[in-house]
Amino acid sequence: MEMDLDVGRIAQAAKTIDPAFLNTPQYFDEQLSARLGREVLVKVETANPLRSFKGRGADFLMSGLKPGTRTVCVSSGNFGQAMAFTGRAHGVPVEVFVRSDINPAKKARMVAFGAEVIEAGDDPLSAAHEHVDRHADRVFIADGKEAAVAEGAGTIGLELLESGPFDAVVVQVGDGALINGVGLWVKEHAPGTRVIGVCAAGAPSLAESWRAGHVVRRGQHTVAEGINIDDPVPESVARMRHLVDDFVLVDDEAILAAARLARDTLGLLVEPAGAAGLAAIATHDLPGRRLAAILTGSNLRPGVLD
């Protein structure tokens, strides 16, 4: 597969995405760095109306759709919020298919932003595709597949490098839009910086797919719902093969410890998936002394950090 993402479109996205999602705080914290034993810049992707980075890619995608286009997606909650929020702004109706055990806080926020949320047991992806097949006026949007979603997320890489250089950028991986967008910008503008992906040990499909060079499906069980992937998107895996230097796994204990570390040192509430990058830095001997991590997602289930 030839690279279908474009650095020029990332630069375009940085000028056109809703400013509410851009230029989020990024800084070095002395306490956090001391606890991790190296300089770690954190980019706080919870400081926006969605509490996650997902609005960047969704807004860039929506800007290319005709108003009135009826869209369908599958989400564990954060991408669904982004689709609902940006769809409302662009006049694009959104239906989100979710698992029945959806985080209630995320469901409530999707509904508040105007999405129609459909609970579909434990296989919302099949239900969503069946729904689109029955309704010819619907367009299915896959988070990890759409180039515009990854390019919008790539604006994070553009902003990160303003505080560089870094030895490595450490990125938690769900559907892959974030690491592919950031990875493309970093490889173009700072080729000496390593791009390291992080998966939950209980959901290793993306890491195993990257190593194998093709989709590997694995059962999943992790507290990190935002990166709880068992069926990777082939296009996303193909991009990662070009853009990612390594993958590491972190277990739930390390993920929760990292979320508490962010709370105690930074004063930030980050959901488990959003703390996986910090967990990797804390538990793996990653290369370099100056690293960057992206904190994203603060839509926590009640009691998860107690």
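Throughout, residue positions are numbered sequentially from 1 according to the sequence presented.
In terms of heavy-atom proximity, A293 sits nearest to I281 at CB-CD1, 4.1 Å. Across all non-hydrogen atoms, the minimal contact from R9 to A148 is NH2-CB, 3.9 Å. Annotation for W210 and D246: closest pair CH2-CA, 3.6 Å, computed over non-hydrogen atoms. Minimum heavy-atom separation, Q220 to I229: CB-O, 4.3 Å. Nearest heavy-atom pair, R239 versus E146, reported as atom, atom and distance to 0.1 Å: NH2-C, 4.3 Å. Minimum interatomic distance between L243 and L184 (heavy atoms only, all atoms of both residues): CD2-CA, 3.8 Å.
L278 and I227 fall into different hydrophobic clusters, where Ile, Leu, Val, Met, Phe, Trp and Tyr residues are linked whenever their side-chain heavy atoms come under 4.5 Å apart, directly or through other members. Linking ILVMFWY side-chain heavy atoms closer than 4.5 Å, directly or via other members, places V7 and L160 in a single hydrophobic cluster. In this structure, L125 is a member of the same hydrophobic cluster as F97, with clusters built from ILVMFWY side-chain heavy atoms closer than 4.5 Å. Linking ILVMFWY side-chain heavy atoms closer than 4.5 Å, directly or via other members, places I179 and L161 in a single hydrophobic cluster. Note on V173: it does not cluster hydrophobically with V233, by side-chain heavy-atom contacts below 4.5 Å among ILVMFWY residues.
The side chain to side chain contact (heavy atoms under 4.5 Å, CB included) search around T71 returns M62, L65, T69, M83, V92, V94, I141, not counting sequence neighbours.
N180 and S236 share a donor-acceptor pair across their side chains, judged by distance under 3.5 Å alone.
The structure places CZ of R217 at 9.0 Å from OG of S205, a figure rounded to the nearest 0.5 Å. Distance check: E188 CD to I10 CD1 gives 9.0 Å after rounding to the nearest 0.5 Å. From K107, atom NZ reaches atom OG of S100 across 8.5 Å, with rounding to the nearest 0.5 Å. Once rounded to the nearest 0.5 Å, the distance linking CD1 of I294 with OG of S52 reads 12.0 Å. The distance from atom OG of S76 to atom CD1 of I102, rounded to the nearest 0.5 Å, is 6.0 Å. To the nearest 0.5 Å, the span separating OG1 on T222 from CG on D252 amounts to 3.5 Å.
A donor-acceptor distance shorter than 3.5 angstrom exists from the side chain of S33 to the backbone of V40, with no hydrogens or angles considered. Using modelled atom types, no side-chain atom of D175 and backbone atom of A177 make a donor-acceptor pair closer than 3.5 Å. Put simply, the side chain of R51 never gets that close to the backbone of T296: no donor and acceptor are under 3.5 Å apart. No side-chain donor-acceptor contact under 3.5 Å links D167 to the backbone of L291. Proximity of a side-chain donor or acceptor of H284 to a complementary backbone N or O of L249 within less than 3.5 Å is detected. In this structure a side-chain-to-backbone donor-acceptor pair under 3.5 Å is missing from R134 to H129. A donor-acceptor pair under 3.5 Å is formed between the side chain of Q26 and the backbone N or O of E159. At least one donor-acceptor pair under 3.5 Å links the side chain of S75 to the backbone N or O of G80. The backbone N or O of L286 lies less than 3.5 Å from a partner atom in the side chain of R38, making a donor-acceptor pair.
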Open item on the list: Using side chain to side chain contact (heavy atoms under 4.5 Å, CB included), reason through V96 and F79 one step at a time and then give a plain yes or no.
Closed with: CA-CA 9 Å; V96 186; F79 185 62; over 6 Å; no
TODO: Apply side chain to side chain contact (heavy atoms under 4.5 Å, CB included) to the pair F60 and Q12, showing each step before the final yes or no.
DONE: CA-CA 9 Å; F60 194 49; Q12 176 190 349; 4.2 Å; yes
TODO: Go through K54 and E45 one step at a time and tell me if the salt bridge (charged side-chain N to carboxylate O under 4.0 Å, His left out) criterion holds.
DONE: CA-CA 9 Å; K54 297 284 190 177; E45 285 294 309; over 6 Å; no
Open item on the list: R138 vs E95, test: salt bridge (charged side-chain N to carboxylate O under 4.0 Å, His left out). Steps then yes/no.
Closed with: CA-CA 9 Å; R138 262 64 166 186; E95 296 170 308; 3.1 Å; yes
- [ ] Apply side chain to side chain donor-acceptor pair (under 3.5 Å) to the pair N103 and N299, showing each step before the final yes or no.
- [x] CA-CA 8 Å; N103 179 333; N299 300 292; over 6 Å; no
Task: From CA spacing to verdict: side chain to side chain contact (heavy atoms under 4.5 Å, CB included), H90, D59 - done: CA-CA 8 Å; H90 289 274; D59 193 66; 3.0 Å; yes
Task: Intermediate values then yes/no, side chain to side chain contact (heavy atoms under 4.5 Å, CB included), E151 and D6 - done: CA-CA 7 Å; E151 289 161 344; D6 184 86; 4.0 Å; yes
Open item on the list: Apply side chain to side chain donor-acceptor pair (under 3.5 Å) to residues R56 and T155 and explain how you reach the verdict.
Closed with: CA-CA 8 Å; R56 296 175 184 251; T155 58; 2.7 Å; yes
Task: Candidate pair N48 and T24, rule side chain to side chain donor-acceptor pair (under 3.5 Å), full reasoning - done: CA-CA 8 Å; N48 63 58; T24 48; over 6 Å; no
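By the 30° and 60° cut-offs, the orientation of the rings of H131 relative to H135 is tilted.
A distance below 6.0 Å separates the ring centres of F21 and F85.
The environment of H221 atom NE2 is sparse: at most 12 non-hydrogen atoms of other residues, nucleotides or ligands sit within 6.0 angstrom. At most 12 non-hydrogen atoms from other residues, nucleotides or ligands lie less than 6.0 angstrom from CD of E253. Counted within 6.0 Å of CZ on R88, heavy atoms from surrounding residues, nucleotides or ligands total more than 12; the atom is thus considered enclosed.
Looking only at side-chain heavy atoms (C-beta outward), K106 and E271 come within less than 4.5 Å of each other. Residues V98 and I118 form no side-chain contact, since every pair of their non-hydrogen atoms from C-beta on lies 4.5 Å or further apart. Contact check for I156 versus F53: side-chain heavy atoms found under the 4.5 Å cut-off. Residues V72 and V139 have side chains not in contact (no heavy-atom distance under 4.5 Å, counting atoms from C-beta outward). Counting heavy atoms from C-beta outward, R218 and V216 have side chains that approach closer than 4.5 Å. Counting heavy atoms from C-beta outward, V198 and F247 have side chains that stay 4.5 Å or more apart. Put simply, the side chain of V215 reaches to within 4.5 Å of the side chain of P232, judged on heavy atoms. The side-chain heavy atoms of L266 and L261, taken from C-beta on, include no pair separated by under 4.5 Å.
Salt bridge present: E225 and R301 bring a charged side-chain N and a carboxylate O closer than 4.0 Å. Checked for salt-bridge contact, K187 and D245 meet the test: a charged N lies under 4.0 Å from a carboxylate O.
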